[in-house]
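For reference, the structure is listed below as structure tokens.
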Amino acid sequence: MARRLRSVDLDFVPVAPLRLVFAAEVSAPPEAVYRSLAEDVEGWPSWFTAVTAARPTAAGAGREVRLKGGTVFRETVLAKEPGERYAYRVDETNAPALQALLEEWRLSPAATGAGTRVQWTFAADGPAPFRFTLRLGRAGLGRAFRDAVRNLDERLAATPPEGSGRG
């Protein structure tokens, strides 16, 4: 399976040859969204439908994620900033043509003052035909993000807040 990708760091996000950025708002607070992203890795398939399995590795310093269609990512977590940012780099994958990939989730208070603005940056590199194809797929990736964030919002709304004594 494993093809080793180029090791990139957080400074790759603003300079990646391909950057796709998506944003949406949810009613849950940033801390709850962060917990779902960074601390409940195994829960990703319940809200991000493209993900069929996810598990933390290396005592939480890494992840293994499986997508529909059979793509597998082995990742290193690069940023864990509660309520603000969660980012990881793909180290190994079976996806063809991909040379580097880093995903960053930024969280901030929503403009309305209630809830969270969720911004997902997909920073990648690969040969020109790969980048072109991914740009063509931007709408589908954006739809997958919006659906995932909506599902996450519904999941968090149905979950009693931590420490509430309910549940």
Side-chain angles (χ1 to χ4, degrees), residues 1 3 5 8 10 12-14 16-30 32-57 62-80 84-108 110-111 115-159:
M1 165 205 121
R3 278 189 332 91
L5 301 187
V8 294
L10 293 171
F12 181 67
V13 174
L18 176 68
R19 288 180 70 246
L20 303 176
V21 181
F22 307 96
E25 290 191 4
V26 298
S27 57
V33 176
Y34 177 83
R35 278 193 300 275
S36 291
L37 290 172
E39 297 170 12
D40 184 19
V41 171
E42 290 162 331
W44 277 55
S46 69
W47 57 271
F48 208 128
T49 58
V51 176
T52 61
R55 67 180 182 87
T57 61
R63 308 174 349 144
E64 182 176 285
V65 176
R66 295 179 179 274
L67 304 179
K68 286 182 179 174
T71 301
V72 179
F73 294 127
R74 291 198 179 106
E75 305 166 339
T76 297
V77 175
L78 300 175
K80 280 181 127 177
E84 295 179 19
R85 177 166 68 161
Y86 183 59
Y88 44 87
R89 154 189 82 224
V90 175
D91 296 315
E92 295 179 3
T93 186
N94 60 351
L98 189 60
Q99 294 173 344
L101 175 60
L102 191 148
E103 296 179 42
E104 178 186 60
W105 296 78
R106 289 235 177 222
L107 310 174
S108 58
T116 304
R117 180 179 189 273
V118 180
Q119 178 180 295
W120 178 46
T121 301
F122 186 91
D125 193 11
F130 166 81
R131 294 192 314 266
F132 177 76
T133 301
L134 216 50
R135 280 188 188 97
L136 287 178
R138 176 184 177 80
L141 207 53
R143 189 170 34 264
F145 166 77
R146 286 187 303 280
D147 290 348
V149 170
R150 185 185 63 249
N151 293 341
L152 178 59
D153 197 27
E154 291 169 0
R155 181 176 193 242
L156 292 173
T159 304

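Note that the coordinates shown come from a computational prediction; the quantities given were computed from them, not determined experimentally.
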| Mind checking whether Asp153 and Glu25 have side chains closer than 4.5 Å, heavy atoms only? | no
| Euclidean distance, Tyr86 OH relative to Leu107 CG, rounded to 0.5 Å | 12.0 Å
| Which atoms form the tightest heavy-atom contact between Val13 and Arg19, and what is the distance? | O-NE, 2.6 Å
| task | Starting from the C-alpha separation in whole Å, work towards a yes-or-no answer on side chain to side chain contact (heavy atoms under 4.5 Å, CB included) for Leu102 and Leu78. | result | CA-CA 9 Å; Leu102 191 148; Leu78 300 175; 3.3 Å; yes
| How far does CD of Glu75 sit from CG of Leu101, to the nearest 0.5 angstrom? | 7.5 Å
| Under 4.5 Å between any side-chain heavy atoms of Trp47 and Asp40, yes or no? | no
| query | Where the side chain of Arg3 meets the backbone of Ala95, is there a donor-acceptor pair that is under 3.5 Å apart? | reply | yes
| query | Of Trp120, Phe122, Tyr34, which is the lone residue that meets ring-ring contact (aromatic ring centres under 6.0 Å, His included) with Trp105? | reply | Trp120
| How long is the gap from CZ on Arg74 to OG1 on Thr76, to the nearest 0.5 Å? | 12.0 Å
| said: Applying side-chain hydrogen bond (donor to acceptor under 3.5 Å, both in side chains) as the test, list every pair that has at least one member in residues 124-137; sequence neighbours left out. | reply: Arg6-Asp125
| field | Salt-bridge present (Asp147, Arg150; N to O < 4.0 Å) | value | yes
| message | Side chains of Thr71 and Asn94, heavy atoms from C-beta outward: is any pair under 4.5 Å? | response | yes
| Sub-3.5 Å donor-acceptor pair from the side chain of Arg146 to the main-chain atoms of Phe22, do we have one? | no
| CG of Leu156 to OG of Ser27: how many Å apart, nearest 0.5 Å? | 8.0 Å
| Are Thr52 and Pro45 side-chain neighbours, meaning at least one heavy-atom pair lies under 4.5 Å? | no
| Counting distance only, does the side-chain N/O of Trp44 pair as donor-acceptor with the main-chain N or O of Leu37 below 3.5 Å? | yes
| query | Quick one: does Thr116's side chain have a donor or acceptor within less than 3.5 Å of a partner on Ala28's backbone? | reply | yes
| message | Measuring from atom CD of Gln99 to atom OG1 of Thr93, what distance do you get when rounded to the nearest 0.5 angstrom? | response | 13.0 Å
| message | Check whether Tyr88 forms a cation-pi arrangement with Arg63 (NZ or CZ under 6.0 Å from the six-membered ring centre, at most 45° off the ring normal). | response | yes
| Contact check, side chains of Arg85 and Leu10, non-hydrogen atoms, under 4.5 Å | yes
| request: Using side chain to side chain donor-acceptor pair (under 3.5 Å) as the criterion, list what pairs up with Arg143, not counting sequence neighbours. | output: none
| Which value, rounded to the nearest 0.5 Å, describes the distance between Thr121 atom OG1 and Leu20 atom CG? | 9.0 Å
